[in-house]
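Presented below is the structure to which this report refers.
Below, chain A is the first sequence line, B the second, and so on; all start at residue 1. Bear in mind the structure is a predicted one, so any value in this text is a computation, not a measurement.
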2 protein chains.
Amino acid sequence: MKNYLNTSLPEQFQPLLDHIGRFVDLDMSEKELLLGRLSFKKVKKKEYPLSEGQICNYNYFVVKGCLRVYLITNSGLEQITQFGIENWWITDFDSFENQTSSAFFIQAVEESEVIAIDKNALENLYNEVPKVERYFRIILQKNFVAAQRRILWIHTISSEQRYRNFVEQFPAFVQRVPQYMLASYLGITLEFLSKIRAKKNL
Amino acid sequence: MKNYLNTSLPEQFQPLLDHIGRFVDLDMSEKELLLGRLSFKKVKKKEYPLSEGQICNYNYFVVKGCLRVYLITNSGLEQITQFGIENWWITDFDSFENQTSSAFFIQAVEESEVIAIDKNALENLYNEVPKVERYFRIILQKNFVAAQRRILWIHTISSEQRYRNFVEQFPAFVQRVPQYMLASYLGITLEFLSKIRAKKNL
DNA sequence: CAAAAAAATTAATCTAGTTTAAGAAATACT
DNA sequence: AGTATTTCTTAAACTAGATTAATTTTTTTG
């Protein structure tokens, strides 16, 4: 075992340890096991951690920056399904879990830093440190609740209101990504978003 | 410990054991621990295992029948967010996990049988039998993937196509629930669904 | 099995959001 | 700094799906 692990933990993984610490308590030996299986990566703007057709072998924890998940529809348009900013996990869980080829692209919207864990490493970790599996069970629960809420909103409030809610909930976000990506994520056209914005800023 | 546990397991819980068995292997003592914390319930048509304003203390595994999850919108309309049929878990995970009051109703669409597990029992079970937590981690992963796919479909295909896809994927289902519930779940009006159906049955 | 209640159909009118197209602003590149 | 590329805006014509309202069909219940 490398000596530094006994004294201090590599600081680049600290944001993830902090995030995990919100949900479960890992002791030092568990943290060491975890860190041994992580890798830290810088992703340049417009780079693709995942492209359509590949098997998604990694789950990415966003330390800094912003990633998006999207696919190209039959009609050739980009449809964004998720954004990942600080403290979010981003992957194609379907491809990741079942090792099937993905329909999605994961791309850095801006200069980003991520912590990546590959499928096998995570699988092993689940056995070695059950608390990690608990952590992901909780994260997935939250993801599921959020996705369900999104469906509910799509069905019950107008596109205009959904945009205004989004701006209210993630004001910083709206500055960071191009409007056309926001429109795609919200499921409306850029032109209609533009019309909404012209009306009045709130 | 009750004697029957050493010889045979109560058959009413078998469908759940079968389902769990698809994802993890429980040994006999783990199964006993699990069964000790479950309860079996019959739910009459139109009965409400959960009503708006209550804390959702149970997660329900549907053994037989069909439940729906819905809420009443500001404009007083029912919006269905989920159906649960055989082998599906149904709950308001937000309320269940955070013990907050729910915005939803869970109602039996037809005469149903469910296996219920309450929040504390499940919490304990996670500690006693980590494989149960793995099982739910996997279920939640699938739920999340399905919810994301639903969002993608809403954004990329027409209501008409979504209805046709649904009919193709769950043909039995379409016979079982009233059309107005299907319309609500798909996020369209009953009138429009009627128009689609009149066109031609595929 | 008749009456009431619940579910489904049809059609006319209306509207939130799309499409198409052209130009203006902002950003990146050499 | 100037040109090319990417992003955003505006406006007119159009459409998928909502709304309203009246009627029919099916299911439930006494």
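With salt bridges taken as basic N to acidic carboxylate O contacts below 4.0 Å, one links A:E86 and A:R176. Electrostatic pairing of B:R68 and B:E78 counts as a salt bridge here, judged by a charged N lying under 4.0 Å from a carboxylate O.
Comparing B:V177 and A:I188 by the nucleotide of DNA chain C whose heavy atom lies nearest to each, the residue mapping closer to the 5' end is B:V177. Residue order along DNA chain D, read from the 5' end via each residue's closest nucleotide, puts B:R162 first among B:K45 and B:R162. Each of A:E191 and A:I196 was matched to the nucleotide of DNA chain C holding its nearest heavy atom; the match closer to the 5' end belongs to A:I196.
The side chain of A:R197 places an N or O atom within less than 4.0 Å of a non-bridging phosphate oxygen (OP1 or OP2) of D:dT9.
One N or O on the side chain of A:S95 and one on the backbone of A:C56 form a donor-acceptor pair closer than 3.5 Å.
A:L193 comes within 4.0 angstrom of no nucleic acid atom, judged by non-hydrogen atoms across all strands. Residue A:F192 is in base contact, counting any heavy-atom pair closer than 4.0 Å across all strands shown. Within 4.0 Å (heavy atoms only), B:S159 reaches sugar-phosphate atoms of the nucleic acid but no base atom.
Side-chain N/O atoms of B:E123 and B:N127 include no donor and acceptor closer than 3.5 Å.
Summarising the geometry, the separation between CE on B:M181 and P on C:dA7 is reported as 7 Å, rounded to the nearest angstrom.
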